[in-house]
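Each chain gets a letter, A, B and so on, in the order its sequence line appears, and its residues count up from 1.
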Amino acid sequence: MNTANIHTWVMEPIQAIDLQRRLRKRLVFEDYAGQPELIAGVDVSFPSRDIALAVVVIMEFRSLRVIDYFHSVEKIDTPYIPGLLSFREGPPIVKALSKSPEVDLIFFDGHGIAHPRGIGIASHIGLFVEKPTIGIAKSLLYGELKGHPEEKGEKAPIHDPDGRLLGYAVCTRKGVKPVFVSPGNRITPESAVDLVLKTTGKYRIPEPTRQAHILTQELKDQLIL
DNA sequence: GCGACAG
DNA sequence: ATCTTGTCGC
């Protein structure tokens, strides 16, 4: 009997893949079309090979102003393997989220369901929270793109081999590579794109994730190793 | 066997 | 992700 649950992170790749196949069945495909008040952006940096620093930025949706942030530092032995990112960055992220206040929506650096087994980091971590999560990746991991958005606001669908919609490549700034948006949990591809565009300013990366990334780098330089 | 491969 | 300088373009 396998007693592995969502709180289990350390295991061999084969076991991790098996766990993903079981966990993806728990994902909820309902929609979230409300106007959030508080949102969060999550990112992770590595001050050294096996030390991960996760940051959760809390911001106000309407003003996109950073209200507060929380972080955690953890020793990580799990290597990075495409498709298993959540097993490497999950531990510090969940710990930082446990220190954070409740928000209405969370943005992650990586994919949601646009993943080989339909459960990227935004989806996996989405199972830990009771809120909608969105995955925003800087490059494609899985799925086929039909088109190339060129103007800000335009999007091109990402489909799996069977033609099912996984998410969208979204142009967040004219002339630059699009960001790949997919639902983490409890949200639809369309709403995810809508919220990404509403939280995008003058940069390619939406503010939640962008601010989290900036803080992750600044805090890294303040650590005494 | 070959190519692809989030951060 | 991380290691690293300058450089092309809006």
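- When the shell of 6.0 Å around CD of A:Glu12 is examined, it contains 12 or fewer heavy atoms from other residues, nucleotides or ligands.
- If you measure from atom CD1 of A:Ile119 to atom P of B:dA6, you get 18 Å, rounded to the nearest angstrom.
- In this model, a donor atom of one side chain and an acceptor atom of the other lie less than 3.5 Å apart for A:Ser191 and A:Asp31.
- Across all strands, A:Gly83 comes closer than 4.0 Å to base atoms (heavy-atom distances).
- Atom CG of A:Asp50 is separated from atom P of C:dA1 by 18 Å (rounded to the nearest Å).
- In this structure, A:Ile81 places its CD1 atom 16 Å from P of B:dG7, rounding to the nearest Å.
- Between C:dT2, B:dG7, B:dC5, one nucleotide has an atom nearer to the side chain of A:Lys220 than all others, and that is C:dT2.
- Using a 4.0 Å cut-off, no side-chain N or O of A:His115 falls inside it from OP1 or OP2 of B:dC5.
- In this structure, A:Ser100 contributes its side chain and A:Ala96 its backbone to a donor-acceptor pair below 3.5 Å.
- Following rounding to the nearest Å, A:Phe180 (CZ) and B:dG7 (C1') show an atom-to-atom distance of 14 Å.
- Going from atom OH of A:Tyr142 over to atom P of B:dG3 covers 21 Å, rounded to whole Å.
- For A:Ser139, no side-chain nitrogen or oxygen approaches OP1 or OP2 of B:dC5 to under 4.0 Å.
- In this structure, A:Leu141 atom CG and B:dC5 atom P are separated by 8 Å, rounded to whole Å.
- Using a 4.0 Å heavy-atom criterion, one finds that A:His124 contacts no nucleic acid atom at all.
- Side-chain contact, A:Gln211 with A:Tyr69: no donor N or O sits under 3.5 Å from an acceptor N or O.
- Stacking is not found between A:Tyr80 and the pyrimidine-like six-membered ring of the C:dA1 base under the 5.5 Å centre-distance and 30° plane-angle cut-offs.
- In this structure, A:Arg88 contributes its side chain and A:Thr78 its backbone to a donor-acceptor pair below 3.5 Å.
- If you measure from atom CG of A:Asp160 to atom P of B:dA6, you get 18 Å, rounded to the nearest angstrom.
- Here the nucleotide nearest the side chain of A:Arg88, chosen from B:dG7, C:dT2, B:dC5, is B:dG7.
- Atom CZ in A:Arg204 sits roughly 17 Å away from atom C1' in C:dC10 (whole-Å rounding).
- Residue contacts for A:Leu84: at a heavy-atom cut-off of 4.0 Å it reaches a base atom on one of the strands shown.
- For C:dC10, neither phosphate oxygen OP1 nor OP2 lies less than 4.0 angstrom from any side-chain nitrogen or oxygen of A:Lys174.
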